[in-house]
Amino acid sequence: MSTLFIVGGGLFGSLAAAYTRHKGMEAVVFDCSCAGAASPAAAGLFQEKWAARRLQPYYHHALPLLERLFPIQHISLTGDDGSTETLLFIPPSAILEPQPIRQLVTSVGDGWLEAGGQHYEGWVYIAAGIWSGQFLPGLEVYGKAGAAFLFAGEREGRIHQADANRQCLAFVRDRGTTYFSDGTAERVYTEEHDRLSLRRAAEMGLTEPIGRLWGQRPYVPRGPFFQRIASRTWLATGGRKMGTILGASFARQLVEDELR
Ligand SMILES: Cc1cc2nc3c(=O)[nH]c(=O)nc-3n(C[C@H](O)[C@H](O)[C@H](O)COP(=O)(O)OP(=O)(O)OC[C@H]3O[C@@H](n4cnc5c(N)ncnc54)[C@H](O)[C@@H]3O)c2cc1C
């Protein structure tokens with residue numbers, strides 16, 4: 001049986017690795033720790049209503065895989081009017097490959113890749129986020145950047161409507177800290193975006209951040225992208241604000257329908 005070699009240990013690559021192993025096959029993940037990777041910054045939240053109608057099938061396809069592989073938590077956030085909203089949550093730290101091979105994949109072909117001067121043969125899954133375009137000419141993947149901030153201590157989960165189009169979330173993503181994100185997603189990101197996000201955090205009583213998590217969400221113009229690009233090589237990206245759901249749906253498609 002072939003091994004699945006994965007380029008990228010973000011949510012997309014790690015979900016594919018986890019599901020491949022769950023099905024009794026071998027998976028090896030390469031990740032070169034590119035600055036600006038999206039997954040370490042992700043809140044890890046999802047809910048059906050975040051999926052526009054055209055993305056609903058991905059949600060329903062992904063959920064059984066996520067339920068099988070991870071404990072899904074329910075996070076209650078209190079709104080400005082005292083009402084509560086419950087979201088589903090899997091911390092990215094529970095999904096992300098703990099020890100990928102820390103090497104840059106330099107080239108990929110049909111059923112092979114090269115990294116660290118070595119040649120590997122098997123199935124290949126390219127899940128390289130905004131860097132995926134280098135492996136498929138013509139793929140117009142681009143990033144929309146945003147920063148999340150960490151604050152000391154565990155505060156009550158809250159959701160705050162900053163303006164008509166912007167919801168700010170604060171909750172305990174990782175023990176001992178409070179994670180804040182206002183959903184900023186910009187193609188051209190400047191320091192001013194950081195300042196605005198921190199001002200919104202301060203409106204929720206969160207000041208003096210102890211950490212900044214900056215990442216580029218991958219977008220592809222015609223929507224999330226999954227394609228067999230050679231007989232034994234696949235590429236998936238375009239996770240936008242729904243990396244957990246889209247990564248899981250594509251992992252399921254790869255493992256259940258393609259690897260044989
Ligand atoms: C602030 C913020 C909050 C978010 N919140 C959520 C949320 O609550 N829920 C949700 O579902 N989504 C959320 N997202 C979106 C989510 O993070 C992305 O959709 C998802 O992480 C994309 O995953 P990916 O694996 O495709 O890309 P990435 O996470 O960018 O991973 C790609 C990986 O490929 C590696 N790589 C690239 N090229 C090579 C190479 N040649 N060789 C080896 N390795 C390579 C990089 O180092 C990188 O680690 C959020 C994003 C941000 C920025």
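Both ligands and their constituent atoms are indexed starting at 1 by order of listing. Keep in mind that the numbers below use all heavy atoms, side chains included, and drop hydrogens, waters and symmetry copies.
- Taking OH from Y59 and CG from L66, the interatomic distance works out to 9.0 Å, rounded to the nearest 0.5 Å.
- With atom 21 (O) of ligand 1 as the reference point, the heavy atom nearest to it among S39, G13, A41 is part of S39.
- With a 4.0 Å heavy-atom cut-off, ligand 1 is reached by the backbone of M242 but not by any atom from C-beta on.
- Atom 5 (N) of ligand 1 has A43 N, 3.1 Å as its closest protein atom, hydrogens excluded (heavy atom only).
- Put simply, the side chain of S14 gets close to the backbone of G10: a donor and an acceptor are under 3.5 Å apart.
- Not a single donor-acceptor pair under 3.5 Å links the side chain of R240 to the backbone N or O of R217.
- When the heavy-atom distances from atom 44 (N) of ligand 1 to A16, C34, C32 are ranked, the shortest goes to C32.
- Per-residue contacts place L104 under 4.0 angstrom from the following atoms of ligand 1 (heavy atoms of the residue considered): 40 (C), 41 (N), 42 (N).
- Remark: side-chain polar atoms of S39 are paired, donor with acceptor, to backbone N or O of L11 under 3.5 angstrom.
- For the pair G44 and ligand 1, the shortest N or O to N or O distance falls below 3.5 Å.
- Ligand-side atoms of ligand 1 in range of G8: 33 (C), 34 (O), 35 (C), range being under 4.0 angstrom from any heavy atom.
- Each of the following atoms of ligand 1 lies closer than 4.0 Å to a heavy atom of G239: 19 (O).
- Those atoms of ligand 1 that come under 4.0 Å of a heavy atom in Q103, given as number and element, are 42 (N), 43 (C).
- Side-chain polar atoms of W234 and Q227 form no donor-acceptor pair below 3.5 angstrom.
- Not a single donor-acceptor pair under 3.5 Å links the side chain of S249 to the backbone N or O of I245.
- Nearest protein heavy-atom neighbour of atom 30 (O) of ligand 1: A38 N, 3.0 Å.
- A salt bridge does not link R173 with E154: every distance from a Lys NZ or Arg NE/NH1/NH2 to an Asp or Glu carboxylate oxygen is 4.0 Å or more.
- Side-chain atoms of E256 and Y19 form a donor-acceptor pair, as typed in the model, at a separation below 3.5 Å.
- For a threshold of 3.5 Å applied to N or O pairs, the pair formed by W131 and ligand 1 contains no separation below that value.
- Contact annotation: F30 has at least one heavy atom less than 4.0 Å from an atom of ligand 1.
- Looking at A127 against ligand 1, only its backbone comes within 4.0 Å, counting heavy atoms.
- Compare A185, A128, S14 by their heavy atoms: the one nearest to atom 37 (C) of ligand 1 is in A128.
- Not one N or O of G9 is nearer than 3.5 Å to an N or O of ligand 1, by distance alone.
- By the 6.0 Å contact criterion, CZ on R199 is open, its count of non-hydrogen atoms from other residues, nucleotides or ligands being 12 or less.
- Listed by first then second residue, pairs satisfying side chain to side chain donor-acceptor pair (under 3.5 Å) with a partner in residues 107-128 read S107-E114, D110-S231, E114-H119, H119-E121, not counting sequence neighbours.
- Of the listed residues (P218, G129, A35, A248), the one carrying the non-hydrogen atom nearest atom 22 (C) of ligand 1 is P218.
- Between the CG atom in L15 and the CG atom in L254 there is a gap of 11.5 Å [rounded to 0.5 Å].
- For the residue pair R187 and Y219, no side-chain donor N or O sits within less than 3.5 Å of a side-chain acceptor on the partner.
- For the residue pair H60 and E48, a side-chain donor N or O sits within less than 3.5 Å of a side-chain acceptor on the partner.
- For ligand 1, one of its N or O atoms has an N or O atom of K241 under 3.5 Å away.
- Within ligand 1, the atoms closer than 4.0 Å to a non-hydrogen atom of S33 are 47 (O), numbered from 1 in the order shown.
- Below 4.0 Å from some heavy atom of G10 lie the following atoms of ligand 1, by number and element: 25 (O), 29 (O), 31 (O).
- Looking only at heavy atoms of the protein, atom 42 (N) of ligand 1 is closest to V105 N, 2.8 Å.
- Within ligand 1, the atoms closer than 4.0 Å to a non-hydrogen atom of G243 are 10 (C), 11 (O), 12 (N), 18 (C), 19 (O), 20 (C), numbered from 1 in the order shown.
- With respect to D257 and R252, no salt bridge is recorded, no charged nitrogen being found less than 4.0 Å from a carboxylate O.
- For F135, no nitrogen or oxygen atom sits less than 3.5 Å from a nitrogen or oxygen atom of ligand 1, counting backbone and side chain alike.
- Side-chain atoms of R228 and T233 form no donor-acceptor pair, as typed in the model, at a separation below 3.5 Å.
- On a distance-only criterion, G215 and ligand 1 share no N/O pair closer than 3.5 Å.
- Nearest protein heavy-atom contact of atom 9 (N) of ligand 1 is L45 O, 2.9 Å.
- Checked against a 3.5 angstrom limit, the closest N/O atoms of F12 and ligand 1 fall inside it.
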Yes or no on salt bridge (Lys or Arg N to Asp or Glu O under 4.0 Å) for E85 and K49, after CA distance, side-chain angles and deciding distance? CA-CA 12 Å; E85 183 161 352; K49 78 174 187 200; 3.2 Å; yes
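- In terms of polar-atom proximity, Y179 is not counted as a contact of ligand 1, lacking any N or O under 3.5 Å from an N or O of the ligand.
- With hydrogens left out, the protein atom closest to atom 4 (C) of ligand 1 is A42 CA, 3.4 Å, a heavy atom.
- Note: Q167 CD to I159 CD1 = 4.0 Å, rounded to the nearest 0.5 Å.
- In the vicinity of A37, heavy-atom distances shorter than 4.0 Å reach the ligand 1 atoms 30 (O), 48 (C), 49 (O).
- Comparing R217, R240, R102 by heavy-atom distance to atom 19 (O) of ligand 1, the nearest is R240.
- Surrounding CD of E192 are more than 12 heavy atoms belonging to other residues, nucleotides or ligands, all under 6.0 Å away.
- Looking at D31 next to ligand 1, an N or O pair under 3.5 Å apart turns up.
- Ligand 1 has no N or O atom lying under 3.5 Å from any N or O atom of P40, backbone or side chain.
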